[in-house]
Amino acid sequence: MRLLYSLGIHLYGLLLRLIAPFHPKAKLWVDGRKDWYARINQTVETGQNHIWFHFASLGEFEQGRAVLEGIKKDYPLKKIVITFYSPSGYEVRKNTNLADYVFYLPEDTAKNAKQFIDLIHPEFVVFTKYEYWHYYFSELKNRDIPLFMISAIFRPNQIFFQPYGGFFREILLSVTYFFMQNEESVHLLKEHGFRNVGLTGDTRFDRVVELPKQQKSVMEVGQFVGESPVLVAGSTWLEDEKLLKDLMLQFPDWKLILAPHEIHEAHIDAILLLFPDALRFSNFAQHTCQKVANARVLIIDNIGMLSSLYGYGSISYIGGGFGVGIHNTLEAATYGIPVIFGPKYHKFQEAKDLIEKGAGFSIQDADKLHLIFTCLQDQTKRDYAGQQAKCYVQQHAGATAIILKYLRTKKLLI
């Protein structure tokens, strides 16, 4: 199985290198790993110990950010290395002030793992939610370097728990401690013999609970909104945007702030075909006050504003539910507004919880979206759903404090 795993890693990297000239994201993935050893060797201070945080992508960064911020605040002299697997994480956060160094994670081979760990010399390592790399984890275990999974979550159908999943279960044995999101994951690991497991909750709550206090006022958005009720649609894909077009035709008193998941020109052009009269945030200054006041759709064609935009909303719509899965619902819920999303939400505990509490609503098609939106025109129902959403976030904060206390108790943070 190890041979097949290594072959899979090699073939995946080869595929990305072949398509890189034609695929911008693949090109970033490949270019970010070129000559990685020389680049890191020239950058990192020789012999310096580091705390290593790894994030698959941007969502995992935001998920583990509260722990990162806690260490940075209480232990400012600690040196921190962040790695990302995906360009969507690295390219957005490569200049974060929460780390001394930010790199792409080299491909998971025995040689890369040894060389990378030699270079950064980690005191301990934190992975967020998932990504279990055989050679990196084995190398850390062989060197007795503590490895922690925070906000971890497991499901019975994962390969770790299948009769043929022995190789992948062995990867889990390299983890020093699992800080789990939910009881189901705790029980699942314990059923398979793991005892280094504890229920702490999801560190994302600790991050998002602070967002309303830190909300940035955006003058242009305020001018666009005026006194109108607003639907804020975040991380949308084309399937979501088609539904939102029909919805806006049916509710002419509402305005729409649309922050798509991908902001390349081809996607923006596709959105403009659906909403020909929409304003682009990047062109806002070119429009007259009258045009802004009359506009019903504002397209956010940049990255980094979404967590503040939900504060302008009366209702939120979270994209991705007609693709591989919904995006972050908590950033909207923390502002005390109802959350609507598509049908593919079952891998996300918070989405299921929001539905149970009457704060979240899953839709399967345009008719269901219209039905839910009509129901939420009732101010009392909208306020109730929003209050339930906000309370849910507040009640689930606290995982970060538990994790930091554990690290202090184990003398890893002194």
Classify the side-chain pair [X]/[Y] by whether it contains a donor and acceptor separated by less than 3.5 Å.
X      : Y      : value
Ser151 : Thr128 : no
Glu350 : Tyr392 : no
Gln48  : His121 : no
Ser6   : Tyr135 : yes
Tyr5   : Asp108 : yes
Asn182 : Ser185 : yes
His327 : Trp237 : yes
Ser88  : Ser57  : yes
Gln387 : Asp383 : no
Thr83  : Trp52  : yes
Glu62  : Asn328 : no
His134 : Arg2   : yes

Evaluate the ring planes of [X] and [Y], with Trp represented by its six-membered ring, and classify them as parallel (under 30°), tilted (30 to 60°) or perpendicular (over 60°).
X      : Y      : answer
Tyr310 : Tyr335 : tilted
His267 : His264 : tilted
Phe373 : Trp254 : perpendicular

Just by distance, do the side chain of [X] and the backbone of [Y] share a donor-acceptor pair under 3.5 Å?
X      : Y      : answer
Thr109 : Asn112 : yes
Gln162 : Pro156 : yes
Asn196 : Val175 : yes
Lys347 : Gly325 : no
Arg296 : Met248 : yes
Ser174 : Lys141 : no
Asn41  : Leu119 : no
Lys129 : Glu60  : no
Glu123 : Ile51  : no
Arg280 : Ile299 : no

[atom1] of [X] to [atom2] of [Y]: how many Å apart, nearest 0.5 Å?
X      : Y      : atom1 : atom2 : result
Arg155 : His346 : CZ    : NE2   : 12.5 Å
Phe179 : Thr400 : CZ    : OG1   : 11.0 Å
Glu220 : Asn283 : CD    : CG    : 12.0 Å
Ile372 : Leu376 : CD1   : CG    : 6.5 Å

Query raised in the report: Checking ring pair (Phe, Tyr, Trp, His ring centres under 6.0 Å) for the pair Phe116/Tyr37: CA distance, chi angles, key distance, verdict?
Result: CA-CA 7 Å; Phe116 181 78; Tyr37 182 85; 10.0 Å; no
Heavy atoms only: give me the nearest [X]-[Y] pair and the separation to one decimal.
X      : Y      : answer
Leu98  : Lys72  : O-CD, 3.9 Å
Val393 : Ala333 : CG2-CB, 3.9 Å
Ile153 : Gln158 : O-OE1, 4.2 Å
Ala20  : Lys27  : O-CB, 3.4 Å
Asn302 : Ile263 : CA-CD1, 3.7 Å
Leu404 : Gly70  : CD1-CA, 4.0 Å

Thinking salt bridges, do [X] and [Y] make one under a 4.0 Å N-O criterion?
X      : Y      : answer
Glu331 : Arg207 : no
Asp277 : Lys291 : no
Glu107 : Arg17  : yes
Asp35  : Arg39  : no
Arg65  : Asp206 : no

Would you indicate whether the side-chain heavy atoms of [Y] and [X] approach each other to under 4.5 Å?
X      : Y      : answer
His54  : Leu105 : yes
Tyr312 : Val218 : yes
Val67  : Ile71  : yes
Leu298 : Ile300 : yes
Met149 : Tyr132 : yes

Centroid-centroid under 6.0 Å between [X] and [Y] rings:
X      : Y      : answer
Phe154 : Phe161 : yes
Phe148 : Tyr177 : no
Phe103 : Tyr90  : no

Report task. Tell me, please, whether Tyr85 has Arg33 positioned over its six-membered ring: NZ or CZ under 6.0 Å from the ring centre and within 45 degrees of its axis? Result ->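 Yes.
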Query raised in the report: Can the positive tip of Lys245 be found less than 6.0 Å from the middle of the six-membered ring of Phe275, inside 45° of the ring normal?
Result: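 Negative - Lys245 is either too far from the ring of Phe275 or too far off its axis.
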Query raised in the report: Among Ile363, Thr236, Asp365, whose side chain to side chain contact (heavy atoms under 4.5 Å, CB included) with Phe322 holds?
Result: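 For Phe322, the side chain to side chain contact (heavy atoms under 4.5 Å, CB included) check succeeds only for Ile363.
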Requested in this report: May I have the step-by-step check of ring pair (Phe, Tyr, Trp, His ring centres under 6.0 Å) for His50 and Tyr101, ending in yes or no?
Outcome: CA-CA 10 Å; His50 298 87; Tyr101 310 102; 5.6 Å; yes
